[in-house]
Amino acid sequence: MEQQAVSAIERRIFELGRELPNVVAPVAAYQPAVVSGNYVYTSGQLPMVNGALPLVGKVGAGVTAEDGKELAATCALNALAAVKSVIGDLDRVKRIVKVVGFVASDAEFTGQPGVINGASELLGQVFGDAGTHARSAVGVAVLPLDAPVEVELIAEFE
């Protein structure tokens, strides 16, 4: 049986003590990622681990900002899995162009940028300068399945 070579990007993810997961199955009527030209647009990715959310609720009320930041990194890994599913190899990614992060927030919580840094920092560690991106971090009342965080991204590839 032929073994598939591991990409340099996947090796880097492993060196960071993480693992690229399988693509998370959609929870509604959408695709995890689509290609248009040389760009991949991911759907919003929840912090699913082995098919389940490790935490639920709002950041600032039951979920700490630190936990939210780690969940945002998990969302970014799930987004990268979605990217790989449509382009085949993460080494083809030229740049992470944009990240949009949603944080289910307690009414008094205003640290959304710090939470979404979990995704941004991971992408920077994985891709170096090519992981530096434009970004939005938005507080919302609730997310699907009561997830604390959701992240989507746009990646340019060759």
Side-chain angles (χ1 to χ4, degrees), residues 4 7 9-10 13 16 18-90 92-124 126-127 131 133-157:
Q4 183 177 0
S7 73
I9 292 299
E10 287 184 71
I13 291 168
L16 292 169
R18 299 184 180 268
E19 185 177 333
L20 189 70
N22 292 323
V23 178
V24 175
V27 297
Y30 62 88
Q31 295 297 313
V34 297
V35 172
S36 181
N38 282 24
Y39 294 89
V40 177
Y41 297 78
T42 72
S43 295
Q45 299 293 313
L46 300 179
M48 301 292 248
V49 176
N50 298 320
L53 291 170
L55 289 171
V56 294
K58 294 185 180 0
V59 178
V63 177
T64 67
E66 295 77 22
D67 285 341
K69 184 176 180 180
E70 180 58 31
L71 293 171
T74 300
C75 292
L77 286 170
N78 288 338
L80 291 178
V83 169
K84 180 183 176 185
S85 76
V86 294
I87 67 169
D89 184 349
L90 290 177
R92 295 179 64 196
V93 173
K94 288 175 52 176
R95 176 168 198 124
I96 303 300
V97 177
K98 174 86 185 219
V99 169
V100 179
F102 302 95
V103 181
S105 304
D106 179 71
E108 302 300 315
F109 183 75
T110 59
Q112 292 83 6
V115 170
I116 301 305
N117 277 349
S120 295
E121 290 170 4
L122 176 77
L123 293 166
V126 169
F127 291 100
H133 50 268
R135 187 182 89 178
S136 299
V138 182
V140 298
V142 68
L143 287 168
L145 307 177
D146 202 21
V149 182
E150 181 174 343
V151 171
E152 64 183 54
L153 63 80
I154 301 169
E156 183 182 12
F157 70 96

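The figures that follow rest on heavy atoms only: side chains count, while hydrogens, waters and symmetry mates do not.
Comment: K94 engages E156 in a salt bridge, judged by a side-chain N to carboxylate O separation of less than 4.0 angstrom.
Taking CG from L123 and CG from L153, the interatomic distance works out to 6.5 Å, rounded to the nearest 0.5 Å. Between atom OG of residue S7 and atom NZ of residue K84 there is a gap of 6.5 Å, rounded to the nearest 0.5 Å. F127 CZ to L122 CG: the interatomic distance, rounded to the nearest 0.5 Å, is 9.0 Å.
E121 is linked by a side chain to side chain donor-acceptor pair (under 3.5 Å) to K69, counting only residues two or more places apart in sequence or in another chain. The side chain to side chain contact (heavy atoms under 4.5 Å, CB included) test applied to K98 returns V100, A134, S136, I154, not counting sequence neighbours. Judged as a side chain to side chain donor-acceptor pair (under 3.5 Å), and not counting sequence neighbours, E150 has no contacts. Shown here are the salt bridge (charged side-chain N to carboxylate O under 4.0 Å, His left out) partners of E70, two or more places apart in sequence or in another chain: R18.
Listed by first and then second residue, the side-chain hydrogen bond (donor to acceptor under 3.5 Å, both in side chains) pairs that reach into residues 21-40 come to none, sequence neighbours excluded. Screening residues 41-63 for side-chain hydrogen bond (donor to acceptor under 3.5 Å, both in side chains) gives no qualifying pairs among residues at least two apart or on separate chains.
Of all the heavy atoms in L77 and E19, the pair that sits closest is CD1-O, 3.9 Å. In terms of heavy atoms, L71 sits closest to P148 at CD1-CG, 3.6 Å.
At least one donor-acceptor pair closer than 3.5 Å links the side chain of S105 to the backbone N or O of V103.
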